[in-house]
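FYI, side chains are in, hydrogens and waters are out, and symmetry mates aren't considered; it's all heavy atoms of this structure. Reminder, nothing fancy here: chain letters follow the sequence lines and each chain counts from 1.
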There are 2 protein chains.
Amino acid sequence: MAGVSTATVSRVLNEPERVSAKTRSRVEAAVAHFDYTPHFGGRALASNRTNTVGAVIPTMENAIFARGLQALQEALAEDGVTLVVATSNYDPEREAQQIRALLGRGVDGLVLIGEARDPALYETLERRGVPFVLVWSWRRDCPWPCVGFDNRAAARAMAQKVLDLGHRRIAMIAGVTHGNDRAVARVDGVRDALAARGLRLDETNLIETPYHLDAGENAARQLLSVTPRPTAIVCGNDVLAAGALLAIRSMGLSAPADVSVTGFDDIDLAYVLDPPLTTVHVPHRRMGAAAARLLLRLRAQEDNATSVVFETALVERGSLAPLGK
Amino acid sequence: MAGVSTATVSRVLNEPERVSAKTRSRVEAAVAHFDYTPHFGGRALASNRTNTVGAVIPTMENAIFARGLQALQEALAEDGVTLVVATSNYDPEREAQQIRALLGRGVDGLVLIGEARDPALYETLERRGVPFVLVWSWRRDCPWPCVGFDNRAAARAMAQKVLDLGHRRIAMIAGVTHGNDRAVARVDGVRDALAARGLRLDETNLIETPYHLDAGENAARQLLSVTPRPTAIVCGNDVLAAGALLAIRSMGLSAPADVSVTGFDDIDLAYVLDPPLTTVHVPHRRMGAAAARLLLRLRAQEDNATSVVFETALVERGSLAPLGK
DNA sequence: GTCGCCAATGCAAGCGCTTTTATTTTGATT
DNA sequence: AATCAAAATAAAAGCGCTTGCATTGGCGAC
């Protein structure tokens with residue numbers, strides 16, 4: 001209809017500046033007239049790019065990932081890149097499957113949560129030359145590009161705060177540590193702080209449990225049923241902490257008068273609870289956006305593509321109080 | 001390596017039963033050996049299918065969509081279909097863009113939230129022959145396949161309950177109704193119930209606001225600053241209700257003693273609040289799964305592909321109490 | 001006016017797969 | 001052993017696009 005070859009149409013669509021204004025407008029008119037959309041498969045085949053990046057997250061049901069993804073997606077969209085999301089449900093096996101599935105779909109980049117992962121998987125990624133970014137965790141000397149924060153240091157700071165307020169009988173409800181370096185780091189951080197005061201987390205005051213409300217509730221009930229009971233419960237995330245508050249309430253106790261509780265992540269939930277949660281603020285949205293930028297740089301082979309570490313902040317609200325207050 | 005043609009490899013991958021066991025195992029060995037994955041673009045081009053469906057949701061930050069998507073994705077994955085998610089941020093314009101973007105990516109199905117949408121968009125969808133399913137809302141005689149529930153009836157039942165408990169000064173914090181039929185239906189439902197008792201929602205006791213915690217808080221503060229103040233606030237969703245509880249607390253009032261509050265959706269949040277929210281339970285996960293099944297049926301041109309309506313249930317918790325109690 | 005040069009466009013060769021059609025192999029039957 | 005049908009496999013033609021290279025045409029310099 002525009003009287004030009006397909007090559008010119010292709011150029012109008014992909015590199016409009018290489019086509020004269022006159023021809024371009026003719027082609028654009030034809031495109032509009034037929035409501036033409038390029039065939040994705042043809043495009044992908046010929047150019048060997050899909051303009052798609054994949055992300056594998058544990059679950060969408062936790063607000064932190066939802067937020068991070070939202071930001072990631074928005075930042076990618078600015079560069080015309082689509083995000084495909086898969087979930088692993090915190091199962092390393094399933095995560096590997098999902099990564100392979102995404103590779104099979106021709107993603108030209110991947111965003112993965114955390115670092116703990118079968119080396120063979122990293123090998124596959126490198127061999128295929130698919131750029132990837134690890135998010136949510138960060139440690140010095142991590143060999144891969146990552147955008148995250150120091151989970152261990154943040155947890156340590158929180159535990160230190162609890163100790164500073166006079167607490168000595170401290171328990172922890174952690175996430176499942178298998179295949180989850182963030183959960184591991186948070187436990188380690190708490191252990192660090194306790195160890196510095198000659199205390200330790202033994203198995204009666206550390207429970208590992210899935211990141212669910214009722215799991216947190218059950219764990220707290222169990223921790224609080226020993227005598228003497230802990231005066232503070234440090235939780236691996238805000239959802240577990242919310243569960244702990246439920247348990248405390250249902251046992252006829254009160255937070256923070258009888259038991260202090262701390263969370264991790266600072267999702268909206270933390271703010272609406274009563275008492276509001278003292279927790280660790282994590283800049284999820286900013287991390288998502290930073291991950292997008294880093295991935296786009298890696299894809300473009302830019303050399304300023306380096307890992308980014310974010311700071312966390314302790315947010316003091318009502319759920320943590322000095323001992324004996 | 002397996003000494004066969006590419007045609008046979010293709011068959012091993014797509015219709016293994018059409019290949020003899022001996023050849024198949026040779027091919028599979030070669031596939032495993034080279035860690036071969038078919039090229040997505042080639043596949044899409046030749047077969048004209050992508051095994052991808054798209055979903056456009058308002059936001060991932062609301063747990064209801066996150067949950068629904070999770071279920072949707074899991075159900076689709078069972079049939080080897082990948083889900084691509086885009087967000088519109090409750091903006092009809094942006095939703096249209098995202099739908100077109102997904103079509104451009106060659107999705108072979110779409111999941112859309114609600115029914116309110118430019119007719120031209122529906123036309124495009126039909127013309128392209130891309131099957132789609134509307135979720136989250138449902139009404140009798142909806143001309144398109146949908147999987148949802150009757151928002152209006154559910155809201156009406158909730159308002160009726162509030163009335164039954166003696167409340168007469170009833171206010172509502174609704175979601176933004178522009179381009180959001182669920183928000184509209186929920187307001188209409190409340191109006192229905194009030195009208196049946198000769199009451200109405202005028203502009204001083206109806207505020208429309210984005211589905212955010214602080215928006216809910218501000219709206220509630222405004223509603224409660226008139227004299228005489230409402231004795232019950234019906235909210236368009238649980239997040240708004242959580243915000244309302246924050247406002248009540250910060251104004252030195254108490255729920256439900258001074259003001260009752262109701263929510264909608266029954267997300268986890270509703271349960272952990274203090275007082276826990278009286279709300280409308282919506283089976284988000286089941287809807288997501290049902291949407292997946294319906295879409296797969298439509299795609300396969302099965303004739304038993306019909307809309308599904310779910311029942312909602314009123315969940316009575318502490319935030320709603322009889323007037324004067 | 002002629003020549004070069006560059007910008008604009010066309011030509012045509014794939015990209016890696018699926019699928020129809022043709023061919024070969026297999027194995028049962030005579 | 002010969003025959004034939006059925007099953008298994010190979011051959012080859014695209015699918016719709018991108019892109020390197022060839023061609024064209026317009027314009028300034030001589």
Nearest listed nucleotide, side chain of [X], among [options]:
| X | options | value |
| --- | --- | --- |
| B:Ala7 | D:dA10, C:dG10, D:dA8 | D:dA10 |
| A:Thr8 | C:dT18, C:dC15, C:dT9 | C:dT9 |
| B:Thr6 | D:dT19, D:dA12, D:dG16 | D:dA12 |
| B:Asn14 | C:dT18, C:dC17, C:dA12 | C:dT18 |

Please report the distance, rounded to the nearest Å, between [atom1] in [X] and [atom2] in [N].
| X | N | atom1 | atom2 | value |
| --- | --- | --- | --- | --- |
| A:Leu13 | D:dT19 | CG | P | 12 Å |
| A:Arg49 | D:dC17 | CZ | P | 15 Å |
| A:Leu45 | C:dC15 | CG | C1' | 4 Å |
| A:Arg26 | C:dA8 | CZ | P | 14 Å |
| B:Arg24 | D:dA8 | CZ | P | 9 Å |
| B:Asn48 | C:dG16 | CG | C1' | 15 Å |
| B:Arg43 | D:dG16 | CZ | P | 18 Å |
| B:Lys22 | D:dA7 | NZ | P | 17 Å |

With sugar-phosphate meaning primed atoms plus P, OP1 and OP2, does [X] contact a base, only sugar-phosphate, or nothing at under 4.0 Å between heavy atoms?
| X | answer |
| --- | --- |
| B:Ser10 | base |
| B:Val19 | sugar-phosphate |
| B:Tyr36 | sugar-phosphate |
| A:Gly3 | sugar-phosphate |

Checklist entry - Is A:Asp181 reaching over with its side chain to a backbone N or O of A:Gly114, donor-acceptor style, under 3.5 angstrom? => result no
Next on the checklist: Between B:Arg24 and B:Val19 (side chain of the first, backbone of the second, donor and acceptor by atom type, cut-off under 3.5 Å), is there such a pair?
Outcome noted: yes
Checklist outcome for this item: By nearest-heavy-atom nucleotide on DNA chain D, the more 5' of B:Gly42 and B:Val4 is B:Val4
Item to check | Residues A:Arg100, A:Glu95: salt bridge by 4.0 Å N-O rule | outcome: no
Next on the checklist: Using 30° and 60° as the class boundaries, would you call the ring planes of B:His284 and B:Trp136 parallel, tilted or perpendicular?
Outcome noted: parallel
Item to check | Base D:dA10 to side chain B:Arg11, donor-acceptor N/O within 3.5 Å cut-off | outcome: yes
Kindly say if [X] contacts the phosphate of [N], meaning a side-chain N or O under 4.0 Å from OP1 or OP2.
| X | N | result |
| --- | --- | --- |
| B:Arg18 | D:dA7 | no |
| A:Ser20 | C:dT9 | yes |
| A:Ser5 | C:dG10 | yes |

Checklist entry - Taking atom types as modelled, is there a side-chain donor on A:Asn151 or A:Ser137 under 3.5 Å from an acceptor on the other? => result no
Checklist entry - Can a donor-acceptor pair be found between the side chains of B:Arg105 and A:Thr52 at a distance below 3.5 Å? => result yes
